[in-house]
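Okay, so here's the structure we're looking at.
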Amino acid sequence: MVSQKSPTNGTLYAPHWLTSVAIFLLGALSLVIPSGYSLGAVVLFIAGVGLLIMRALPQLTGQDRWVIAALLAYAFVSLAEAWWDAQGSRGIDKPIRFILAVPALWWVIAHPPKLAFLWGGIAVGAISAGSWAGWQKLFEGVARAGGHTHVIQFGNLSMLLGVPPVSG
């Protein structure tokens, strides 16, 4: 997500730098450390809550509002389902993530990252996941590399990270 508010001279101001590093961490650490995908997301969430506290929410476009509406609609339908099925606290885990994504989205809209950090995080994540899979297979002797997730999920996400840098 690149905005017109991004600095054009190539320098990054502190808020844009924070967003860029958080976006980098989302891709770079997602498969190689336990809950690695959470680090960048937590940074974005906390920054977005800061915007809410300071009452400095960004000006939202119609498309932004539709994305937020879709996130919240999915979350509320899933929460209603969890309540209806008496799933307890484990039933609200996934829907809450969609609600918590809204403040993170506010921050990304207000302070968009540099695209190089996104691509860099994806590339580092792909290289790290491949290296981690090689280590597990060659040195730990596992039949199928699984990272810190299920083997199928690890393989799918590794391919998802590996294809975009190769395709350009």
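These figures come from a predicted structure and were not determined experimentally.
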Legend entry - Side-chain donor/acceptor of Lys114 to backbone N/O of Ser20, under 3.5 Å: no
Inset, instruction - Say whether, by atom type as modelled, one donor and one acceptor occur between the side chain of Thr19 and the main chain of Val108 under 3.5 angstrom. - result: no
Legend entry - Inter-residue atom distance Leu57.CG - Leu52.CG, 0.5 Å rounding: 5.5 Å
Inset, instruction - List the atom of Ile109, the atom of Gln59, and the distance in Å for their closest heavy-atom pair. - result: CG2-O, 4.5 Å
Inset, instruction - Could you tell me whether Gln63 atom CD has more than 12 heavy atoms of other residues or ligands within 6.0 Å of it? - result: no
Legend entry - Considering all heavy atoms, the nearest Phe154-Ala133 contact: CE2-CB, 3.8 Å
Inset, instruction - Could you tell me whether the side chain of Gln136 and the main chain of Arg144 form a donor-acceptor pair under 3.5 Å? - result: no
Legend entry - Which atom of Gln87 lies closest to which atom of Glu81, heavy atoms considered: NE2-O, 4.2 Å
Legend entry - Rounded distance [0.5 Å steps], CG in Leu51 versus CH2 in Trp107: 5.5 Å
Legend entry - Closest non-hydrogen atom pair between Ala75 and Phe98, with its separation: CB-CB, 4.0 Å
Legend entry - Same apolar cluster (I L V M F W Y, side chains within < 4.5 Å links), Val32/Ile152: no
Inset, instruction - Output yes when a side-chain donor or acceptor of Ser35 lies under 3.5 Å from a complementary backbone atom of Ser38, and no otherwise. - result: no
Legend entry - Transitive ILVMFWY side-chain link Phe76 to Tyr74, under 4.5 Å: yes
Inset, instruction - Work out which heavy atom in Val124 is nearest to a heavy atom in Ala28; give both atom names and the distance. - result: CG1-CB, 3.8 Å
Legend entry - Minimum side-chain heavy-atom gap Phe24-Leu29 below 4.5 Å: no
Inset, instruction - Mind listing the closest non-hydrogen atom pair of Pro164 and Leu161 along with its distance? - result: CD-O, 3.7 Å
Legend entry - Side-chain touch Leu31/Ser158, heavy atoms, less than 4.5 angstrom: yes
Legend entry - Residue that, paired with Leu18, satisfies side chain to side chain contact (heavy atoms under 4.5 Å, CB included) out of Leu44, Ile46, Val43: Val43
Inset, instruction - Give a yes or no on whether the ring-centroid distance for His148 and Trp132 is below 6.0 angstrom. - result: yes
